[in-house]
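Below: one structure, written as structure tokens.
Proteins get letters first, then strands, A, B, ... in listed order; numbering begins at 1 in each. All values derive from a computational prediction rather than experimental measurement.
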2 protein chains.
Amino acid sequence: MEEEYNLFGKCPFVTAQKIIAGKWTIVILHNLSTKTLRFGELQRLLPELKQATLTKQLRSLEEYGLVNRKVFPQVPPKVEYSLTDIGKEFKLVLDSISIWGEKYIDHIKSAEVSES
Amino acid sequence: MEEEYNLFGKCPFVTAQKIIAGKWTIVILHNLSTKTLRFGELQRLLPELKQATLTKQLRSLEEYGLVNRKVFPQVPPKVEYSLTDIGKEFKLVLDSISIWGEKYIDHIKSAEVSES
DNA sequence: CTGCATCCTTTGAGATACTG
DNA sequence: CAGTATCTCAAAGGATGCAG
């Protein structure tokens with residue numbers, strides 16, 4: 001994972017974009033920002049997201065160091081996901097995205113009204 | 001462009017993710033947040049980005065309503081890109097991404113040091 | 001100068017089936 | 001319960017050539 005892209009690790013925007021790229025990363029991080037979750041809980045929170053995809057995205061976030069994966073060696077298995085320190089710091093970005101997203105949605109709606 | 005995805009226009013995170021999805025959107029928005037730019041200027045700022053790709057990304061951002069495209073009917077042609085109002089509001093997100101990105105880069109570097 | 005149309009290649013999401 | 005492995009398909013980036 002280390003040392004692969006020219007601007008990765010140089011430009012904060014390129015770096016962030018690369019990490020966020022996954023289709024569900026933001027939503028996953030948002031859910032984990034509230035509290036630690038088990039795999040199954042995450043899955044239930046994101047019904048549209050298939051198991052295999054969720055696994056991939058979590059692995060990706062783990063490799064990037066945003067997410068902790070804690071395996072409990074027991075039967076039935078139990079795996080908990082939580083944010084690392086640097087992952088928690090991402091919450092500020094999530095907050096601003098949330099705020100902007102709301103504004104944007106309002107903006108779209110009012111535009112639709114005046115159109116029709 | 002209107003009315004296509006279930007959670008688009010509902011969940012601020014899903015909505016934002018969808019818009020940001022393009023590989024270069026964040027960097028493009030960042031560059032435009034400073035000032036209005038011509039097509040060629042943008043291209044020079046992003047040398048790795050191919051012309052066709054840049055066009056597509058700009059079109060996408062235009063459709064989503066974040067970017068204004070102003071065509072000057074003259075020879076040689078001149079096209080200026082700038083942020084719309086809602087596009088300008090995205091700057092808050094860009095700022096937080098920038099801040100987090102810097103932290104993340106530092107974080108990675110110190111981790112590399114302690115590894116080797 | 002700017003940018004559209006077309007084709008190619010790669011990426012990654014999604015679906016299905018199977019395991020400790 | 002929480003994966004892994006594999007396949008398919010669509011999307012997006014990228015390269016090239018053409019046009020107003």
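- When rounded to the nearest whole Å, the span between CD of A:Gln17 and C1' of D:dA12 equals 12 Å.
- In this structure, B:Glu62 atom CD and C:dT2 atom C1' are separated by 14 Å, rounded to whole Å.
- Across all strands shown, B:Leu54 has no heavy atoms under 4.0 Å from either base or sugar-phosphate atoms.
- In this structure, B:Glu48 places its CD atom 9 Å from P of D:dG14, rounding to the nearest Å.
- Dashed line: the shortest gap from a side-chain N or O of A:Lys23 to OP1 or OP2 of C:dA13 is not under 4.0 Å.
- Spacing between atom CD of B:Glu63 and atom P of D:dA12 amounts to 11 Å, rounded to whole angstrom units.
- Rounded to whole Å, atom P of D:dC1 lies 15 Å from atom CG of A:Leu37.
- The backbone N or O of B:Ile86 lies less than 3.5 Å from a partner atom in the side chain of A:Trp100, making a donor-acceptor pair.
- Side chains of A:Thr15 and B:Tyr104 form a contact here, defined as non-hydrogen atoms less than 4.5 Å apart.
- Distance CD (A:Gln74) to P (C:dG20): 19 Å, rounded to an integer number of Å.
- Rounded to an integer number of Å, the gap from CD1 of A:Ile20 to C1' of C:dA13 is 18 Å.
- Between A:Leu49 atom CG and C:dG12 atom P the separation is 15 Å, expressed in whole Å.
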Kindly give the atom pairs (protein nitrogen or oxygen, nucleotide nitrogen or oxygen) under 3.5 Å for nucleotides 2-8 of chain D.
residue	atom	partner	partner atom	Å
D:dA2	OP1	A:Arg38	NE	2.9
D:dA2	OP1	A:Arg38	NH2	2.9
D:dA2	OP2	A:Gly40	N	2.8
D:dG3	OP1	A:Arg69	NE	3.3
D:dG3	OP1	A:Arg69	NH2	2.8
D:dG3	OP2	A:Tyr81	OH	2.7
D:dG3	O3'	A:Arg59	NH2	3.3
D:dG3	N7	A:Gln51	OE1	3.1
D:dG3	N7	A:Gln51	NE2	3.1
D:dG3	O6	A:Gln51	OE1	3.4
D:dT4	OP1	A:Arg59	NH2	2.8
D:dT4	OP2	A:Arg59	NH2	3.4

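- Of the charged side-chain nitrogens involved, none lies within less than 4.0 Å of a carboxylate oxygen, so that B:Glu41 and B:Arg44 do not count as a salt-bridged pair.
- A salt bridge links A:Lys103 with B:Glu89: the distance from a Lys NZ or Arg NE/NH1/NH2 to an Asp or Glu carboxylate oxygen falls below 4.0 Å.
- Sparse packing is recorded around CG of A:Asp85, with 12 or fewer heavy atoms of other residues, nucleotides or ligands lying under 6.0 Å away.
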Mind listing the side-chain donor-acceptor pairs of residues 65-74 of chain A below 3.5 Å, one per line with the distance, residues two or more places apart or on another chain?
residue	atom	partner	partner atom	Å
A:Arg69	NE	A:Tyr81	OH	3.3

